[in-house]
Amino acid sequence: MSNTETKSRSRFFSGVVALTAANLFVKLVGLILKIPLRSLLTDAGMAYYNNAYEIYAWLFTVATTGLPIAVSMLVSENRVKGNVREIRKIFKVTTLLFIVIGLAGTCVMLFGAPFFERAYQIENSAFCMMAVAPTLLFICLSSALRGYFQGYQRMSPTAVSEVIEAVGKLVIGLLLANYAIGQGYPLHIVAAYAALGLTIGVAGGMLFLIISKLLFRPEKYDIEYAALADETLPVKSSKRILATLVMIAVPITLANSVMSFSTMLDGMILSRRLQSIGFSEDIVKTMIGNYKSCATPLANLPPALVTPITASIIPLMAASIAAGNRERTKRVMDGSLLITAILELPCALGMSVLAEPIIKLLFGGDSSAEAAAPLLSILALSVFFVSTLSVTSAFLQAHKLERKPILSMICGAAVKLIASYLLIGIPALNIYGSPIASCLGCFTISAVNLYFIKKHIGFLPDFRKILVRPFAASVVCALTAMGGYWLFSQFFGRLAVILAILLAMVVYFFVIFLLRALTREDILLLPKGEALCRLLGKMHLLR
């Protein structure tokens, strides 16, 4: 393995570690925020907050998902060629483009708020939507900078900016919500004040990225490619760069926005269908607020472990594909799928079997929190499929098969929305139809993505290694968690769930190696892989 490849791989996994830590922190902060915020707003007030966030998430995806990936791919490819002038021009063009997109997204959310309110059939929800509208402009500028840094496989600015956003959302959101309550404002206005924390937090993250870009010196950071830098290489016109960006970004954006759009539509279906089978608007607000404040944030936590992998592998694979290194590309794909299975399967099964004690630990033992437990048990099963679809979509995008995930997402969205409409309309199922539909939709996307990968890339994962062994270890992990909770609950009350999770993690760690789910070759891909192999060898866990 060349020195350049070693450094690139080390940078890849260091970036994964940084983004994983940041994403976990962000998800945890989001979960922590929901606990006191739910106490302040109640489940009904959280319905206002969550509806606004769903629309923001859809517009955010449309505005920012594809272009940062396209920027990182183009920057990465030009790094290999040493075309530093084109990298500078790419950044200039994309920054201007993002400003336009951000302003457009802000206007859509700001002036379209009354329309969205009518679609949800929940009065006064427009105020929250307008409060987060400026966030789209700030996040667009942040995304341009993140795409630039990711093209250099420099993930720390992205990680730090995400932490700033999360802390701002937590601290400022709660402070503003408390202020609004002190002023005696109605519930929907209090929710809007809380939503302003997101806007201010994103603005802070954007300022950090701007400062990081001003201080960044590519020639010092990117030493392995410094010798290739050539200021005389021809540079494409702004029009051609823009056309290339659009060709790459539009399919990626469509693929990713299909699911966020379907999530928004699913929220509207959920509200309307529950009312159609006899639930009043007030009860529906409580049910939806409970589901999306207790169950959904917890189910969204484990995929944060895999999100950084998708952000990191695209520029890395783009560089190896451009260099014609097919073996290296396949190693990255195999490793990414294996890491996904090892991280996500125990989370999915463990959260499903321990849903009720986890909910009670975080949100208390009231009837409202307990009602979210069976919802989480079902929704947790989608965790692995959510993570798999993210990674497999990244494979297709890196191979410039950006249009294939669109078909996968459309299939999954169609399954989700049809299932949601039919299942929620069954009185005996009502709101439980929503997490079931989510599981079906995510499974569909993952299956179709794998079909496209086999057909167009010729890559067939080793399911015995990537899926069967981690699944067997995860079943042992889940059973250990159940048994541990039963035992510890006799003596430690609510804290028993923490002890049960810790016990399950220890058991899972040893079972993974006993079943040879991880090999020496896999561990050598990690930072300090040789040292880890020596340590595991001394523990007789690695052959």
Side-chain angles (χ1 to χ4, degrees), residues 22-61 63-64 102 105-106 109-110 113 116-117 122 124-143 146 158-210 260 267 288-289 292-294 296-298 300-301 304 362-363:
N23 271 266
L24 277 175
F25 180 82
V26 168
K27 295 292 185 181
L28 284 170
V29 166
L31 177 60
I32 292 169
L33 171 66
K34 295 292 177 67
I35 298 171
L37 198 59
R38 179 172 169 268
S39 298
L40 293 172
L41 300 180
T42 71
D43 286 334
M46 289 304 297
Y48 296 124
Y49 186 93
N50 290 319
N51 287 347
Y53 194 85
E54 282 182 354
I55 298 169
Y56 158 76
W58 169 54
L59 292 173
F60 163 78
T61 303
T64 66
T106 296
M109 192 161 188
L110 186 64
F116 291 123
E117 179 183 297
I122 295 179
N124 297 319
S125 57
F127 292 93
C128 255
M129 300 171 192
M130 291 187 284
V132 300
T135 309
L136 289 163
L137 174 59
F138 303 146
I139 203 69
C140 277
L141 291 172
S142 297
S143 296
R146 287 169 180 168
T158 296
V160 174
S161 66
E162 289 178 351
V163 170
I164 292 172
E165 291 174 8
V167 172
K169 179 172 68 173
L170 173 64
V171 176
I172 299 173
L174 289 176
L175 288 175
L176 290 175
N178 274 295
Y179 167 78
I181 290 173
Q183 295 298 309
Y185 295 144
L187 190 59
H188 61 277
I189 298 298
V190 176
Y193 268 84
L196 279 175
L198 174 63
T199 301
I200 297 171
V202 170
M206 178 193 68
L207 289 175
F208 171 80
L209 287 167
I210 291 173
S260 60
I288 295 176
K292 294 185 178 179
S293 300
C294 297
T296 303
L298 283 166
N300 287 340
L301 189 59
L362 294 174
F363 296 97

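A quick note: this is a predicted structure, and the numbers were derived from the prediction, not measured. We're numbering straight along the sequence, starting at 1.
Remark: Ile139 CD1 to Arg146 CZ distance equals 4.5 Å, nearest 0.5 Å. Here the CG atom belonging to Leu37 is positioned 9.5 Å from the CG atom belonging to Leu170, to the nearest 0.5 angstrom.
The side chain to side chain contact (heavy atoms under 4.5 Å, CB included) search around Thr296 returns Tyr291, Lys292, Asn300, Leu379, not counting sequence neighbours. Under the side chain to side chain contact (heavy atoms under 4.5 Å, CB included) criterion, Thr199 pairs with Val132, Pro134, Thr135, Phe138, sequence neighbours left out. With sequence neighbours excluded, no residue forms a side chain to side chain donor-acceptor pair (under 3.5 Å) with Ser125. With sequence neighbours left out, the side chain to side chain contact (heavy atoms under 4.5 Å, CB included) criterion links Ser293 to Arg38, Met46, Asn50. Residues passing the side chain to side chain contact (heavy atoms under 4.5 Å, CB included) test with Leu110 are Met130, Ala133, sequence neighbours excluded. With sequence neighbours excluded, no residue forms a side chain to side chain donor-acceptor pair (under 3.5 Å) with Tyr49.
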Which pairs would a plain distance check flag for residues 184-197, meaning a side-chain donor or acceptor within less than 3.5 Å of a matching protein atom at least two apart in sequence or in another chain?
none

Cut-off 3.5 Å, no hydrogens considered: what does the side-chain donor-acceptor table look like for residues 202-209, sequence neighbours left out?
none

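Of all non-hydrogen atoms in Met129 and Phe116, the two that sit nearest each other are SD-CB, 3.6 Å. Pairing each heavy atom of Met109 with each of Ala52, the nearest pair is CE-O, 3.4 Å. Across Ile122 and Asn51, no two heavy atoms sit closer than the pair CD1-ND2, 3.5 Å.
The salt bridge (Lys or Arg N to Asp or Glu O under 4.0 Å) pairs that include a residue from residues 169-183 number zero, where partners must be two or more places apart or lie in different chains.
Two residues are said to be in side-chain contact when any heavy atoms from C-beta on lie closer than 4.5 Å; Tyr48 and Leu41 fail this criterion.
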